[in-house]
2 protein chains.
Amino acid sequence: MQAATFSALGEPSRLQIVELLGLRPYAVGEIAEALGIRQPQVSKHLRVLSESGIVRAERRARRRIYHLQAEPFAEITRWAESFEALWDARLDALGDYLRTTEDEEHRP
Amino acid sequence: MQAATFSALGEPSRLQIVELLGLRPYAVGEIAEALGIRQPQVSKHLRVLSESGIVRAERRARRRIYHLQAEPFAEITRWAESFEALWDARLDALGDYLRTTEDEEHRP
DNA sequence: GGAATGTATTCCTGTCAAGGAATATGTGGG
DNA sequence: CCCACATATTCCTTGACAGGAATACATTCC
């Protein structure tokens with residue numbers, strides 16, 4: 001898993017942009033207006049999101065319509081799901097681990 | 001979705017720590033040794049992960065055993081999955097959107 | 001071709017976070 | 001009780017990054 005993907009999503013304005021683009025594709029100016037962010041900031045954030053593969057732009061006349069890309073979300077889902085397999089086993093594993101480190105323990 | 005969660009995971013060392021803790025719970029010193037990071041840095045990273053609810057510590061003698069928490073991963077999964085429902089519809093939606101913005105278009 | 005629109009880039013500044021080193025805090029063992 | 005081990009905290013410096021303002025770039029419409 002790429003830290004850069006999470007890093008891109010870890011900035012509040014960028015996360016807002018992503019969630020907005022989850023509704024439908026948006027042009028840069030529309031994003032700026034919808035979120036109350038100045039256009040240059042939006043462009044900069046889109047650059048970061050673009051470089052980590054989260055969004056892509058389609059040119060349409062003078063505008064650029066940004067939309068989400070599937071793959072990063074699929075990767076995040078796979079990654080996060082891979083941990084969920086552990087929770088049932090987790091308590092046991094913790095118990096096991098604690099039990100194997102009784103060198104420090106004084107038992108009554 | 002909390003940007004702070006992604007922000008915590010967006011730092012390479014912290015992501016490494018999380019993936020290590022996906023194997024089993026670890027004590028601070030063990031993490032430091034396994035990843036070749038100095039102990040104070042590990043403690044600082046664990047503080048960040050702890051504050052965003054990604055890990056918890058169990059005290060065991062003089063050591064603190066850190067382990068992952070389920071909820072943040074569940075939230076990430078739900079969040080990322082919610083976007084995956086869009087991909088099939090996405091191309092259509094983009095097409096629709098582009099079609100509704102023909103005001104800029106000069107058609108031959 | 002020129003004006004106007006839409007977007008990207010640059011420069012600047014302030015803030016924040018990460019790493020290193022040293023040290024404080026805590027806790028169990030003898 | 002004091003020591004030693006395990007972990008947390010502090011102080012410092014440096015680099016990265018977000019936001020503001022101004023401007024460059026690109027494209028289309030006339």
Side-chain angles (χ1 to χ4, degrees), chain A residues 3-18 20-21 25-52 54-67 97-98 101-108, chain B residues 3-18 20-21 25-52 54-67 97-98 101-108:
Chain A
T5 304
F6 287 139
S7 180
L9 297 171
E11 207 282 323
S13 297
R14 281 198 293 267
L15 188 57
Q16 275 194 281
I17 291 174
V18 168
L20 185 65
L21 295 181
Y26 274 78
V28 178
E30 292 177 319
I31 298 173
E33 192 193 4
L35 301 182
I37 306 174
R38 293 164 203 277
Q39 176 268 316
Q41 303 306 329
V42 173
S43 283
K44 287 184 217 172
H45 284 314
L46 287 170
R47 194 193 213 301
V48 175
L49 291 170
S50 197
E51 283 170 349
S52 49
I54 296 171
V55 304
R56 267 198 74 204
E58 300 283 336
R59 310 176 104 93
R60 182 70 174 184
R62 281 173 285 193
R63 306 195 284 172
R64 301 207 181 170
I65 312 300
Y66 281 85
H67 56 98
Y97 179 72
L98 296 180
T101 57
E102 293 178 336
D103 43 293
E104 239 89 15
E105 187 80 310
H106 73 112
R107 305 167 279 288
Chain B
T5 304
F6 288 139
S7 180
L9 296 171
E11 207 283 323
S13 297
R14 280 198 293 268
L15 188 58
Q16 275 193 281
I17 291 175
V18 167
L20 185 65
L21 294 181
Y26 274 79
V28 178
E30 292 177 320
I31 298 172
E33 192 193 4
L35 301 182
I37 307 174
R38 293 165 204 275
Q39 175 267 316
Q41 304 305 329
V42 173
S43 283
K44 289 184 216 171
H45 285 313
L46 287 170
R47 193 191 214 297
V48 175
L49 291 171
S50 198
E51 282 170 349
S52 49
I54 295 171
V55 304
R56 267 198 73 204
E58 300 281 337
R59 309 177 105 92
R60 183 68 172 185
R62 280 171 286 193
R63 308 195 285 172
R64 302 207 180 169
I65 312 301
Y66 281 85
H67 56 99
Y97 179 71
L98 295 179
T101 56
E102 292 176 338
D103 43 293
E104 240 89 12
E105 188 79 308
H106 74 109
R107 306 167 277 287

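These numbers come from a predicted model, not from an experiment. Numbered from 1 within each chain, the chains take letters A, B, ... in sequence-line order.
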Using whole Å, what does the distance between atom C1' of nucleotide D:dA8 and atom CD1 of B:I31 come to?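 Atom CD1 in B:I31 sits about 14 Å away from atom C1' in D:dA8.
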Within residues 4-18 of chain A or reaching into it, pairs that qualify as side chain to side chain donor-acceptor pair (under 3.5 Å) - sequence neighbours excluded: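 Every pair satisfying side chain to side chain donor-acceptor pair (under 3.5 Å) with a residue in residues 4-18 of chain A: A:R14-A:H45.
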Does B:Y66 put a side-chain nitrogen or oxygen below 4.0 Å from OP1 or OP2 of D:dA8?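 Answer yes for this pair, as a side-chain N or O of B:Y66 is under 4.0 Å from OP1 or OP2.
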Tell me: CD of A:Q16 to P of D:dG19, nearest whole Å?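 Rounded to whole Å, this separation is 10 Å.
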Do you know which two heavy atoms are closest between A:S52 and A:A8, and how far apart they sit?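 Looking at all heavy atoms of both residues, the shortest contact is OG-CB, 3.5 Å.
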B:E30 has an atom CD; how far is it from atom C1' of D:dA6, in whole Å?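 Result: 11 Å.
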Yes or no on side chain to side chain contact (heavy atoms under 4.5 Å, CB included) for A:L46 and A:I31, after CA distance, side-chain angles and deciding distance? CA-CA 10 Å; A:L46 287 170; A:I31 298 173; 4.1 Å; yes
Which protein N or O atoms sit under 3.5 Å from an N or O of nucleotides 10-13 of chain C?
{"unit_1": "C:dT10", "atom_1": "O4", "unit_2": "A:K44", "atom_2": "NZ", "d": "3.4"}

What's the CZ-C1' distance between B:R60 and D:dC5, to the nearest Å?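 One finds 17 Å between C1' of D:dC5 and CZ of B:R60, rounded.
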Could I get the full list of side chain to side chain contact (heavy atoms under 4.5 Å, CB included) partners for A:A34, not counting sequence neighbours?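 A:L20.
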Looking at A:R63, I'd like to know whether one of its side-chain N or O atoms comes within less than 4.0 Å of OP1 or OP2 on C:dG6.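 Answer no for this pair, as no side-chain N or O of A:R63 is under 4.0 Å from OP1 or OP2.
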Pairs touching residues 42-51 of chain B that satisfy salt bridge (Lys or Arg N to Asp or Glu O under 4.0 Å), sequence neighbours left out: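 Those involving residues 42-51 of chain B are B:R47-B:E51.
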D:dA21 OP1/OP2 closer than 4.0 Å to side-chain N/O of A:R38: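 Yes, within the criterion.
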Would you list the protein and nucleotides 25-27 of chain C atom pairs, both N or O, that sit under 3.5 Å from each other?
{"unit_1": "C:dT27", "atom_1": "OP1", "unit_2": "B:R59", "atom_2": "NH2", "d": "2.8"}

Quick one: which protein N/O atoms are closer than 3.5 Å to N/O atoms of nucleotides 14-18 of chain C? Pair and distance per line, please.
{"unit_1": "C:dA18", "atom_1": "OP1", "unit_2": "B:R14", "atom_2": "NH1", "d": "3.1"}
{"unit_1": "C:dA18", "atom_1": "OP1", "unit_2": "B:R14", "atom_2": "NH2", "d": "2.8"}

Rounded to the Å, how far apart are B:I17 CD1 and D:dT7 C1'?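 To the nearest whole Å, that distance equals 14 Å.
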Exercise: identify the closest heavy-atom pair between A:P25 and A:I65: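 Nearest pair, atom of A:P25 first, then A:I65: CB-CG2, 3.6 Å.
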If you go through the side-chain atoms of B:Q39, does one of them form a donor-acceptor pair with the base of D:dA6 closer than 3.5 Å?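 When only heavy-atom distances are counted, B:Q39 does not reach the base of D:dA6 through any donor-acceptor pair under 3.5 Å.
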Would you indicate whether the side-chain heavy atoms of A:L9 and B:L9 approach each other to under 4.5 Å?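 No. Closest side-chain heavy atoms not under 4.5 Å.
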How long is the straight-line distance from CD1 of A:I37 back to CD1 of A:I17, given to the nearest 0.5 Å?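 The CD1 atom of A:I37 is 5.0 Å from CD1 of A:I17, to the nearest 0.5 Å.
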Measuring from A:E58:CD to A:Y66:OH, what's the distance to the nearest 0.5 Å?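 Result: 11.0 Å between the selected atoms.
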From A:L21 CG over to A:E30 CD, what is the distance, rounded to the nearest 0.5 angstrom?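 Result: 10.0 Å between the selected atoms.
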Looking at every heavy atom in both A:V28 and A:S43, which two are closest together, and how far apart are they?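 Closest approach of A:V28 to A:S43: CG1-OG, 3.9 Å.
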